[in-house]
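Both backbone and side-chain heavy atoms feed into the values below; hydrogens, waters and symmetry mates do not.
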Amino acid sequence: VQFVESGGGSVQAGGSLRLSCEIIGYSYSTYCMGWFRQTPGKDREGVATIDSEGNIGYADSVKGRFTISQDNDKYIVYLQMDNLAPEDTARYYCAADGLATMNCSRRRRFGAFGHWGQGTQVTVSS
């Protein structure tokens with residue numbers, strides 16, 4: 001499984017970025033894809049997830065500002081990030097796994113994914 005992540009960068013507070021992650025070589029018929037973020041010295045946070053049935057979940061810290069979506073024809077997941085704040089600064093990772101053994105909400109809660117991208121840096125300045 002290969003991950004192609006893009007869209008990270010630097011932006012001022014209040015700005016927007018859109019992350020994209022294409023998962024190549026992935027073949028689950030039912031799946032969960034999501035975005036996590038981590039900064040040095042802090043625990044990894046499950047930002048948002050979406051599954052093959054269209055169920056979506058967000059961390060409380062990003063609700064109303066971030067929107068996750070997917071390309072239904074390919075294993076591509078997007079994260080639209082609006083009204084960014086300095087505390088959103090982190091390395092953002094794309095993740096994917098199936099739904100047979102665990103639902104997407106629990107996967108996000110526990111970070112229980114078997115496939116991870118290399119991450120893309122998001123830096124928000126005040």
Side-chain angles (χ1 to χ4, degrees):
V1 177
Q2 237 182 323
F3 287 75
V4 181
E5 295 167 306
S6 62
S10 298
V11 66
Q12 288 192 324
S16 298
L17 285 172
R18 188 186 194 216
L19 305 183
S20 173
C21 173
E22 181 174 7
I23 308 168
I24 301 169
Y26 191 64
S27 59
Y28 288 105
S29 58
T30 59
Y31 57 81
C32 174
M33 299 189 292
W35 291 95
F36 286 75
R37 64 186 181 186
Q38 190 166 26
T39 55
K42 290 189 177 180
D43 290 338
R44 183 176 54 195
E45 178 183 27
V47 175
T49 49
I50 186 167
D51 69 21
S52 49
E53 298 170 1
N55 298 305
I56 290 174
Y58 295 99
D60 288 342
S61 59
V62 306
K63 281 180 181 175
R65 300 187 300 122
F66 290 12
T67 304
I68 190 170
S69 61
Q70 61 181 324
D71 184 324
N72 290 324
D73 293 328
K74 298 180 181 179
Y75 292 110
I76 301 177
V77 59
Y78 305 98
L79 185 67
Q80 178 66 40
M81 305 185 293
D82 297 318
N83 194 21
L84 283 160
E87 51 265 36
D88 294 316
T89 295
R91 191 162 185 85
Y92 284 70
Y93 296 88
C94 180
D97 212 316
L99 287 179
T101 58
M102 189 180 296
N103 66 40
C104 210
S105 177
R106 288 180 63 82
R107 289 199 180 280
R108 184 178 75 252
R109 178 181 176 188
F110 296 110
F113 286 82
H115 306 286
W116 293 87
Q118 75 283 1
T120 183
Q121 181 66 33
V122 171
T123 302
V124 185
S125 58
S126 57

Nearest 0.5 Å, please: how far is [atom2] in [Y] from [atom1] in [X]?
X	Y	atom1	atom2	result
E22	I76	CD	CD1	4.0 Å
Q80	L17	CD	CG	8.5 Å
M33	T49	CE	OG1	10.5 Å
C94	H115	SG	NE2	11.5 Å
I50	L79	CD1	CG	10.5 Å
Y28	Y75	OH	OH	10.0 Å

Where [X] and [Y] come nearest, the two heavy atoms and their spacing:
X	Y	value
Y78	S20	CE2-OG, 3.6 Å
A59	G46	CB-O, 3.3 Å
C32	Y26	O-OH, 4.2 Å
Q70	D51	NE2-O, 3.1 Å
C104	L99	N-CD2, 3.7 Å

What pairs meet the salt bridge (charged side-chain N to carboxylate O under 4.0 Å, His left out) rule with one or both residues in residues 64-82, with sequence neighbours excluded?
R65-D88
Any salt bridge (charged side-chain N to carboxylate O under 4.0 Å, His left out) pairs touching residues 105-126, not counting sequence neighbours?
D97-R107
Within the 4.5 Å heavy-atom criterion, are F36 and W116 side-chain neighbours or not?
yes
Just so I know, are the side chains of L19 and V122 near enough to count as touching, which here means a heavy-atom distance under 4.5 Å?
yes
Return the orientation label for the F66 and Y92 ring planes: parallel under 30°, perpendicular over 60°, tilted otherwise.
tilted
So does Q118 get a backbone contact from the side chain of E5, meaning a donor-acceptor N/O pair under 3.5 Å?
yes
For E45, give me all partners under salt bridge (Lys or Arg N to Asp or Glu O under 4.0 Å), at least two apart in sequence or on another chain.
R37
